[in-house]
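Below: one structure in structure tokens.
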Amino acid sequence: MGEVELSCRAYVKMYLHACLFPRCGINGLLLSSGSAGGAVCVTDCVPLLHSHLPLAPISQLALTQVDVWCSQTQQRIVGYYQANACVSDSSPTPCALKIADKISEQFDNAVLLMLDGGKMTADYRLPPIVVYERRDSRWLLKDKHTIMLRHWEETQAIAGQMLESGDQALLVDFDSHLDDITKDWTNQKLNSKIAELASPANGNI
Amino acid sequence: MATISEMYDVGWEEMRDKLRKWREDNCRNSEQIVDVGEELISEHASKLGDDVWIIYEQVMIAALDCSRDDLALTCLQELRKQFPDSHRVKRLSGMRLEALERYDEANKHYEAILQDDPTNTAARKRKISILKAQGKNAEAIRELNEYLEHYGKAAFCLEELMMTNPHNHLYCEQYAEVKYTQGGLENLELSRKYFAQALRLNNRNMRALFGLYMSASHIAASPKVSAKVKKDNMKYASWAATQINRAYKLAGRGTKESKCSMKAVEEMLESMQITMS
């Protein structure tokens, strides 16, 4: 199947989401502002939950709201990410498969991305992600060569830097938004910070 | 580096009180507990009186959470000296071994406790945590079921919790979520009732408000309900929608940022109303 490209902004926010709740399972949605054909460019993500991932009402609510926001901002939901609480196990849970299935009903080339907690150490060179795609009604591992992170070293450096500065505390996921609805789950502030740190010469990062 | 007391201009009593509050609220803000607790212990241990032991325990657990084995060991050693035969301290030793991923040794500690005192639930729970950490989910579930043999599944557990904690809106709301997830008309109606109850206990619980809106909307949209039930649920949904809109308008007033989420909610509520009517 097709190529998937992960932007700096999407990766950094997923990473910070996992770092903000190191003891919990976390999940979120992958978004694209690109056109429908060709490679899937994941340009952004929305962190959703850090508690009770398999319970339906809040997941449904979040999916609906993000869907609405996407149509207001010319984006689409193209995938789903999750990090399990247990670091040694990065396989997709039934809940992950269910939500990913739902997303692929609306978008053919949807991706399911699992963050591999065991590989998120500072000295690990490669992106700590495992990506799945839907083939023959099942979620199967995607060929590593079809997964691209442009400027990976810079992205990794930005993520590390923001973690050092404690910037993950700025991240708002949908769960936190429900605890205090003045908090913004679109994370505009964090997006600006990431953009500042990314080198201006790289343009669309 | 500046001390906590210098940075925040607090005295040791305030630091001690903060630790107590975090204990009472069961917060797992381990980094903060380590920062405050470590300083309190090293500079002011003699002033803490008998509180020092429970603080050692609290800081030790937080230290494990932050990979501060040096600090955890210091606390543990103090506790061992003071309470040499204590099961509670033995459990802490076990937890440290778990943090170091020495699971077999940790298990031995817990089994020793259970030999002595088969009703020690703390040790039983730690054994289950080890199974979870090792990814042995099937076994963890089996052990958990044994432990909960009088309780059964999640919904039943929550029912027990609600009975013993009738004012806790969170259990109520969680129970409603479980029922909603189980699905089916009967469960949806139950979930709606419990979302409503959670709201009575805390009218600011947004999850309960949204839950009420969604469950009532789904019931109203079901072809299996009578006209009266449909009408009633549309009323509940409509009430909930008004409350949600009001809450978001209020939230939107201070900050620019929440405008995105506010608009998303407005449109979502509108679109759901269209599908209902």
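Every chain is numbered from 1, with letters handed out A, B, ... down the list of sequences.
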Interchain contact, A/P22 with chain B, by part (heavy-atom threshold 4.5 Å):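 A/P22 has no heavy atom closer than 4.5 Å to chain B.
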Closest heavy-atom pair and its distance - B/A133, A/S88: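 The answer is O-OG, 3.6 Å.
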Short side-chain to backbone donor-acceptor contact, B/R207 and A/D175, under 3.5 Å: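 Checked: pair present.
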CG on B/L250 to OG1 on A/T182, rounded to 0.5 Å: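 Those atoms lie 10.0 Å apart.
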Minimum heavy-atom distance between A/I181 and B/A247, given as atom pair plus value: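 The answer is CD1-O, 3.4 Å.
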Heavy-atom neighbours of B/D104 CG exceed 12 at 6.0 Å: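 Check fails, neighbour count at 12 or below.
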Heavy-atom contact with chain A under 4.5 Å, split by part of B/N205: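 Neither; nothing under 4.5 Å.
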Contacting region of B/R28 [heavy-atom separation from chain A under 4.5 Å]: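 For B/R28, backbone and side chain are both near chain A.
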Proximal component of A/S71, with respect to chain B [non-hydrogen, under 4.5 Å]: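 Side chain of A/S71 only, per the 4.5 Å heavy-atom cut-off to chain B.
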Part of B/E101 within contact of chain A (heavy atom distance under 4.5 Å):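 When you check distances to chain A, no heavy atom of B/E101 falls under 4.5 Å.
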B/F210 ring center within less than 6.0 Å of A/H177 ring center: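 Centroid separation for A/H177 and B/F210: 6.0 Å or greater.
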Over 12 non-hydrogen atoms of neighbours within 6.0 angstrom of CZ in B/R204: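 Not more than 12 within 6.0 Å, no.
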Distance-minimising heavy-atom pair for B/G135 and A/C86: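 That closest heavy-atom pairing would be N-SG, 4.5 Å.
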Audit row: A/S59, B/E177, side-chain contact (heavy atoms from CB on, under 4.5 Å) steps and yes/no: CA-CA 11 Å; A/S59 299; B/E177 283 194 47; over 6 Å; no
CD/B/E6: more than 12 non-hydrogen atoms of other groups inside 6.0 Å: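 Buried by this count: over 12 neighbours within 6.0 Å.
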Sidechain-backbone polar pair: B/T181 side chain, A/L55 backbone, donor-acceptor under 3.5 Å: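 No, because the side chain of B/T181 does not come within donor-acceptor range (under 3.5 Å) of the backbone of A/L55.
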side-chain contact (heavy atoms from CB on, under 4.5 Å) evaluation trace for A/D179 with B/M206: CA-CA 7 Å; A/D179 289 333; B/M206 283 312 291; over 6 Å; no
Within-4.5 Å side-chain heavy-atom neighbours: A/H52 and B/V178: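 Heavy-atom side-chain distance check fails, nothing below 4.5 Å.
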